[in-house]
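Heads up: the structure comes next, in C-alpha cells.
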Amino acid sequence: MDGGLKLAAVSDPDDAIGALRGTLPSSLPPLRWRLPLGPPPRPSISSSMASLSSPEALQPELWPPLPIPSPIDKDSPAEFPEETSAGDLYLNFKLARGSDPPIGASPSRRHPIAYNQMMKAFGHAGEVDQVLRLLREMKDSDLTPNVFCYNTAINSLVSADRRVEAEELFEEMKSSGVRPNVASYNILVKMYSCYSFQFDKACSVIDDMVINRLRPDSTTYSTLITGLCRVGRIDEALDFVAIMWEENCPPSVQTFTAIVHGFCLQGNLDDARRFMEFMDSKQCPPNVVTYNVFVEALCKVGRFDQVEKVLEESKLKGWKPNVVTYNTYMNGLCKWGKARDAFGLLKVMLENGLCPTVVTLNILLECLCQESNFLEVKYLLERSYELKWDIGVVGYNTVMSRLSDVGRWWDVLKLFVDMVKKGINPNTRTFNIFIHCLCKAGNLCLAKHLFYKGGFVADVVTYNTLIHWFYLERNEKEVQALRLKMVAEGVSPNIITYSILIKGLCRGRKFSEATNLFLGSFEMTDWEVVELLNLLEGMGRQGFTFDAFVFNGIIRALCRKGSCQSGDLLCLTIDKILTFR
DNA sequence: GTAGGGTTAG
C-alpha cells in the first residue's frame with residue numbers, strides 16, 4: 001500500500017487473524033497464469049449447425065415436465081397442480097422486476113427527493129445519461145441538487161465505469177457549494193478500489209475525508225477491502241480488518257464476505273471455508289450472501305456434491321438459500337453441460353417457495369444457446385411478448401452473441417430490430433455484439449460508423465474489438481486514433497487490450513519500440529502489471545526476445561503509477577526481467 | 001421520505 005493514507009502499523013488485535021495470516025497467500029497474485037478453474041469447453045460450432053439443420057435433433061427432454069408456479073406468495077411454498085410444457089411454464093412466470101421509468105421522464109413533483117428517486121431508478125436501469133439529464137434539469141430550473149442527488153449521479157457514473165465524468169461531477173458538486181459527505185467519499189473509494197484497483201488513489205480519498213473532518217466508517221473500509229480482495233491482495237485486506245478493530249469500527253458480515261470472496265476467486269476453497277469458521281467464532285456468522293459466494297466457487301470447480309451438502313446443512317447453519325443461491329447453482333450446472341440438472345432445479349426452487357427471476361431465465365437461455373438449441377430459443381423469443389415473459393436486454397444479448405458466434409449475421413440483425421420494436425433499449429453490450437458481428441462479416445467501415453455515430457457509450461470491449469480488427473487490417477492510423485480516444489474517454493485498458501496491442505505490434509515487427517510507447521500511454525493497475533509480466537513470460541518461452549526498450553517501458557509505467565515507492569511490484573518486475581535473460 | 005460496502009445471468 002503506497003498511498004498517502006498514513007496509518008501507523010497496528011498490533012493485531014485479534015490473534016486468530018494473525019494466526020490465519022501466517023497461512024495465507026502472499027499479497028500479490030500468483031506469478032504464473034492460473035490454471036483455469038472453469039468448466040470444460042463449449043460444444044463446437046459444427047455440432048451447433050448440425051442441431052439447427054435437423055429439428056429432430058432437438059432434445060425436448062431438456063424441458064422436463066415442469067410445474068406451473070402459482071401466484072407468488074413468499075410465505076408459502078408454491079403448488080404444482082399439473083405438469084406442463086415450457087411455454088406454459090413461462091406464461092405463469094412472474095418476474096421479480098420493477099418497471100423502469102420511461103426515457104425522458106421527469107418527476108411530476110418538483111422536489112429534490114422526487115428527482116433523486118427517479119435518478120436512482122434510472123441509475124439502477126443503467127440509464128446514466130438519463131440520470132445526468134435530470135441533474136441538469138434541476139440545475140437549469142430553480143431547484144438546487146443536494147448532496148443526495150449528487151451522490152446518486154456520481155454513483156451511477158461509477159457503476160457505469162465512467163470514471164472521468166464521476167471525478168468531474170464530484171468537483172462540480174464542491175464548486176457548487178455542496179459539501180461532500182461520508183457517502184460521497186465512499187463512492188469515490190469504491191471507484192478507485194473496486195473499479196480501477198488504484199488503491200493509492202483510494203487511500204488519498206480517505207486522506208481527503210480526514211482532512212475534511214469526516215471519519216471513515218465501516219462502509220469505507222469494507223469497500224477498500226472488497227477491491228483488495230478482488231485482486232488477490234488478501235493480506236493487505238486483513239491489515240485493514242485489524243485497523244477496523246483498532247478504530248472501533250468493527251468489521252461486519254459484508255467485510256468478511258468480501259474476504260471469503262477473495263479466497264474463492266483464487267480457488268482457495270480451504271481458506272474460504274476456514275475463514276467462514278472464523279466468522280462463526282467471532283459471532284459474525286456467514287449469511288446467505290457469504291454462502292452464495294462459496295457455492296459459486298464450488299460450482300466453478302464442478303464440486304456439485306459439495307454444493308448439495310452445503311444446501312443440506314443450511315438449516316443447521318442458520319441460513320436459507322435464496323434465488324441467487326439457486327441461480328448460481330443452475331449457472332454452474334449449465335456451464336458444466338448439466339442442462340438437465342439445471343432445469344431440474346427449477347422445481348426445487350419452486351418447492352422452496354422461490355420464484356425464478358429474469359436472471360434464472362437468462363441462465364437457462366444461455367444454457368440452450370450453449371447447446372445451440374436455437375429452435376427452442378427461437379420459439380421462446382417469438383412467444384415471449386405474448387407470454388409476458390420479459391426476456392430483457394440480457395436475454396437478447398445472449399442469443400445475439402451466440403448467433404454471432406455461429407456466423408448468423410442476418411439473424412442477429414433481425415433480433416436487434418425485434419428488441420427495439422419491443423421497446424427494449426439496446427445497451428453497450430448489444431452494440432458490442434453488433435460491432436463484433438460487422439467486423440466478422442467484413443464490414444469494418446460500418447462498424448466504425450456505428451462506433452463514432454451510434455450514440456452509445458463505448459466500453460473497453462468496444463475498443464478491444466475495433467483495435468483487434470483494425471490491427472488485422474494493419475490500419476495503424478485507426479488503432480492510434482482508438483487508443484487516444486480511449487485515454488480521452490477515461491476507458492481503462494484491460495489485459496485483453498494489452499494482449500491485442502502486443503500481438504498487433506509483434507505482427508507489425510515493431511515490438512520493442514511500440515511496446516515501450518504503448519506502456520507509456522496507460523496507467524496500469526497492479527494486477528495488470530503482473531498479468532502483463534506473465535504474458536511476456538509466456539512470449540519469452542515461445543522464443544520472443546525482449547530488449548531494454550520493453551523493460552524500461554514497464555518500469556517507467558510502474559514509476560508513473562507510484563509503485564516505485566512501495567517497491568514490491570518493482571522488485572517483482574526486476575526479478576522477472578532477470579529471468580527473461 | 002432521498003445517497004455509500006459483500007453474491008447470481010449476457
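Atom set for the values below is all heavy atoms of this structure, side chains included, hydrogens, waters and symmetry mates excluded. Below, chain A is the first sequence line, B the second, and so on; all start at residue 1.
Relative ring orientation between A:F263 and A:F275 is described as tilted, the plane-to-plane angle lying within the 30° to 60° band. The aromatic rings of A:Y291 and A:W319 lie parallel to each other, their planes meeting at an angle below 30°, with 60° marking the opposite boundary. In this pair, A:F416 and A:F434 present their aromatic rings parallel. The plane angle is below 30°, not in the 30 to 60° band.
Within the nucleic acid shown, A:N432 has no heavy atom closer than 4.0 Å to any nucleic acid atom. Heavy atoms of A:T430 sit nowhere under 4.0 angstrom from any nucleic acid atom. If you check every strand for non-hydrogen atoms under 4.0 Å, A:V253 touches a base. Counting non-hydrogen atoms under 4.0 angstrom, A:T226 reaches the backbone sugars and phosphates but no base. Residue-level contact check: A:V399 touches neither bases nor backbone, having no heavy atom under 4.0 Å from any strand. Within 4.0 Å of A:T290, counting heavy atoms only, lies at least one base atom of the nucleic acid.
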Exercise answer: donor-acceptor pairs, residues 212-220 of chain A side-chain atoms, under 3.5 Å, sequence neighbours excluded:
residue : atom : partner : partner atom : Å
A:N212  : ND2  : A:Y185  : OH           : 3.1
A:N212  : ND2  : A:D208  : O            : 2.8
A:R215  : NH2  : A:E247  : O            : 2.7
A:D217  : OD1  : A:N186  : ND2          : 3.3
A:D217  : OD1  : A:T219  : N            : 3.1
A:D217  : OD1  : A:T220  : N            : 3.0
A:D217  : OD1  : A:T220  : OG1          : 2.9
A:T220  : OG1  : A:N186  : OD1          : 2.7
A:T220  : OG1  : A:D217  : N            : 2.9
A:T220  : OG1  : A:D217  : O            : 3.3

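Using a 4.0 Å cut-off, no side-chain N or O of A:R429 falls inside it from OP1 or OP2 of B:dA9. In this model, the phosphate group of B:dG6 is not approached by any side-chain N or O of A:H261 to a distance below 4.0 Å at OP1 or OP2. When the side-chain nitrogen and oxygen atoms of A:R230 are compared with OP1 and OP2 of B:dT7, one or more of them lie within a distance under 4.0 Å. Taking 4.0 angstrom as the limit, A:K190 places none of its side-chain polar atoms (N or O) nearer than this to OP1 or OP2 of B:dG6.
The listed nucleotides are B:dT8, B:dG10, B:dG1; the one nearest the side chain of A:I113 is B:dG1. Closest to the A:K120 side chain, of the nucleotides B:dT7, B:dG6, B:dA3, is B:dA3. The side chain of A:T257 lies closest to B:dG6, out of B:dT7, B:dG6, B:dG10. Distance from the side chain of A:H111 is smallest to B:dG1 among B:dG1, B:dG6, B:dA9. Of the candidates B:dG1, B:dG6, B:dA9, the closest approach to any side-chain atom of A:A258 belongs to B:dG6.
Residue A:T255 places no side-chain atom within donor-acceptor reach of the base of B:dG6, judged by atom type and a 3.5 Å distance cut-off alone. Taking 3.5 Å as the limit, the base of B:dG10 and the side chain of A:T398 contain no donor-acceptor pair of atoms between them. A donor-acceptor contact under 3.5 Å is not formed by the side chain of A:S252 with the base of B:dG6. For B:dG5, its base sits under 3.5 Å from the side chain of A:S222 at one donor and acceptor pair at least. Judged by distance alone, with hydrogens and angles left aside, A:D217 brings no side-chain donor or acceptor close enough to the base of B:dG5 to form a pair under 3.5 Å.
Going from atom CZ of A:F240 over to atom P of B:dG6 covers 17 Å, rounded to whole Å. Atom CZ in A:F294 sits roughly 14 Å away from atom C1' in B:dT7 (whole-Å rounding). Between the P atom of B:dT8 and the CG atom of A:N362 lies a distance of 15 Å, rounded to the nearest Å. Put simply, CZ on A:F275 is 16 Å from C1' on B:dT7, counting in whole angstrom units. In this structure, CG of A:D459 is placed 15 Å from P of B:dG10, rounded to the nearest angstrom. Put simply, CD on A:Q117 is 12 Å from P on B:dG1, counting in whole angstrom units. Straight-line distance from the CE atom of A:M400 to the P atom of B:dA9: 20 Å, rounded to whole Å. For A:Q254 and B:dT7, the CD to P distance is 10 Å, given to the nearest whole Å.
Listed by chain and residue number, nothing satisfies the ring-ring contact (aromatic ring centres under 6.0 Å, His included) test with A:F122 (two or more places apart in sequence, or in another chain).
Around NZ of A:K309, the count of heavy atoms belonging to other residues, nucleotides or ligands within 6.0 Å does not exceed 12. Annotation: A:R273, atom CZ; neighbour count of heavy atoms from other residues, nucleotides and ligands within 6.0 Å does not exceed 12. Shown here is A:K440, whose NZ atom has more than 12 heavy atoms of other residues, nucleotides or ligands within 6.0 Å.
Near DNA chain B, meaning a heavy atom under 4.0 Å from it, residues 124-153 of chain A has A:N146, A:F148, A:N151, A:T152 in order of number.
A distance of 6.0 Å or more separates the ring centres of A:F451 and A:F431.
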